[in-house]
There are 2 protein chains.
Amino acid sequence: MSPRSSVARRASSAGSTAPESVDLGVLKDMLGFRLRRIQNHLSKNFAERLAGRDIKPGEFSALALIAANPGISQIQLATEGGFDKAALVVLLDDLERWGWAVRRRSTADRRRHALEITPKGEKALAELFAIGLANEATVTDALAEEELANLYAVLDRIYGLCFSDDQA
Amino acid sequence: MSPRSSVARRASSAGSTAPESVDLGVLKDMLGFRLRRIQNHLSKNFAERLAGRDIKPGEFSALALIAANPGISQIQLATEGGFDKAALVVLLDDLERWGWAVRRRSTADRRRHALEITPKGEKALAELFAIGLANEATVTDALAEEELANLYAVLDRIYGLCFSDDQA
DNA sequence: TATTGTTATACTCTATAACTATA
DNA sequence: TATAGTTATAGAGTATAACAATA
């Protein structure tokens, strides 16, 4: 069982909550709820680690996807990275303004932009990645290597299932 | 650390909405990214199933927590359910207007409200819960019972780790 | 003096529609 | 006619500060 002595530890509305101090009721059987509470916490902490820098949360993952898929178009990056294509425009404006990525006109289809990361962007990405890993270290360090690999495998399988057939 | 020099392109057919058609790069090693993409998909589909009804996503989980913790105060519900205490006010206004929950003055501490679900709210909760389960069925039905139980156990453990004393 | 609930406000994120240039 | 990128805008979600009642 979890320690529940910390219920009143943070009575201010500022921050984190103690888990399991209330009965989850039917939410105990909901996958979405479990994912959301962890993800909320991780993203909130990640944002804190990025305080001071003018970086929006999606910009790290967008940069990572551009780095791994040089020449990718904006529409591909939007649909397959989970971005809105309109929001991606201003996001890429940021990346270009910082010199982290460039939009080049695709030679095959002149409607498309071919996105590329710059050397400066590679450096920034490595730094952000390190921050991201540190942010998750509390969790990942506590799991055995096999447990973590297993978890990733299940999550990837679940993500694949989301697109199996009855969904859009 | 594993940098991104490996460019194993799996894009046989680009442009579809199928997952894994782009290389995730460093995101392959990020727990937060994996959680977010699944949770985004589930919540989007859940919102579609709730189309027509005037229900906001947080209202289901708030109602579930009130049902499981009768007499809970707003500040408890906010901090431990992950709600903003100001946003919770208008959320509860909705629940009361629909006759799903009531705010009663706490006898022990007259500053507090004791939240209670109504019989009508119980009915609504059961219905929403069924919709929620159906929304996740594509995923949960494909996993063996033991796999799912194992996943929930790991996720609960991870959520507990988020609060294990070294976070700010 | 501190906390609970409330209100008002602002800021971010996301979603939609319309426009251009290309196909 | 359809698609890629852009712009503008509106809506939801979230965070912050100030206030009244109560402790």
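Numbered from 1 within each chain, the chains take letters A, B, ... in sequence-line order. The shown structure was predicted, so the numbers you read here are calculated from the model rather than taken from an experiment.
- Considering only residues two or more places apart in sequence or on other chains, B:Phe60 meets the ring-ring contact (aromatic ring centres under 6.0 Å, His included) condition with B:Phe46.
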Protein-nucleotides 14-17 of chain C N/O pairs closer than 3.5 Å?
none

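- A salt bridge does not link B:Glu80 with A:Arg37: every distance from a Lys NZ or Arg NE/NH1/NH2 to an Asp or Glu carboxylate oxygen is 4.0 Å or more.
- Between A:Arg104 and D:dG5, a side-chain N or O to OP1/OP2 separation shorter than 4.0 Å is absent.
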Write out a two-atom table: protein N or O, nucleotide N or O from nucleotides 19-23 of chain C, distance below 3.5 Å.
from: C:dA23; atom 1: OP1; to: A:Arg110; atom 2: N; distance (Å): 3.2

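- Taking atom CG of B:Asp93 as the reference point, atom C1' of C:dT7 lies 11 Å away to the nearest angstrom.
- Rounded to whole angstrom, the span from the CD atom of B:Gln39 across to the P atom of D:dG13 amounts to 13 Å.
- Contact between the side-chain N/O atoms of A:Gln74 and the OP1/OP2 oxygens of D:dT6 is found at a separation under 4.0 Å.
- The rotation axes computed at either terminus of the helix from C:dT1-D:dA23 to C:dA23-D:dT1 lie 0° apart, taking five pairs at each end and rounding to 10 degrees.
- In this structure, B:Arg34 fails the cation-pi test against A:Tyr159, since its NZ or CZ atom is not both closer than 6.0 Å to the six-membered ring centre and inside 45 degrees of the ring normal.
- By the 4.0 Å N-to-carboxylate-O rule, A:Arg53 lies too far from A:Glu59 to be salt-bridged with it.
- Here A:Ser106 lies out of heavy-atom contact (under 4.0 Å) with every strand.
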Can you give me every donor-acceptor pair (side chain of residues 86-96 of chain B, partner residue at least two apart or in another chain, under 3.5 Å) with its distance?
from: B:Asp93; atom 1: OD1; to: B:Arg103; atom 2: NH2; distance (Å): 2.2
from: B:Asp94; atom 1: OD1; to: B:Arg97; atom 2: NH2; distance (Å): 2.2
from: B:Asp94; atom 1: OD2; to: B:Lys56; atom 2: NZ; distance (Å): 3.2
from: B:Glu96; atom 1: OE1; to: B:Arg103; atom 2: NE; distance (Å): 3.2
from: B:Glu96; atom 1: OE2; to: B:Arg103; atom 2: N; distance (Å): 2.6

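- Sorted by first and then second residue, the salt bridge (Lys or Arg N to Asp or Glu O under 4.0 Å) pairs with a member in residues 131-155 of chain B read A:Arg157-B:Glu147; sequence neighbours excluded.
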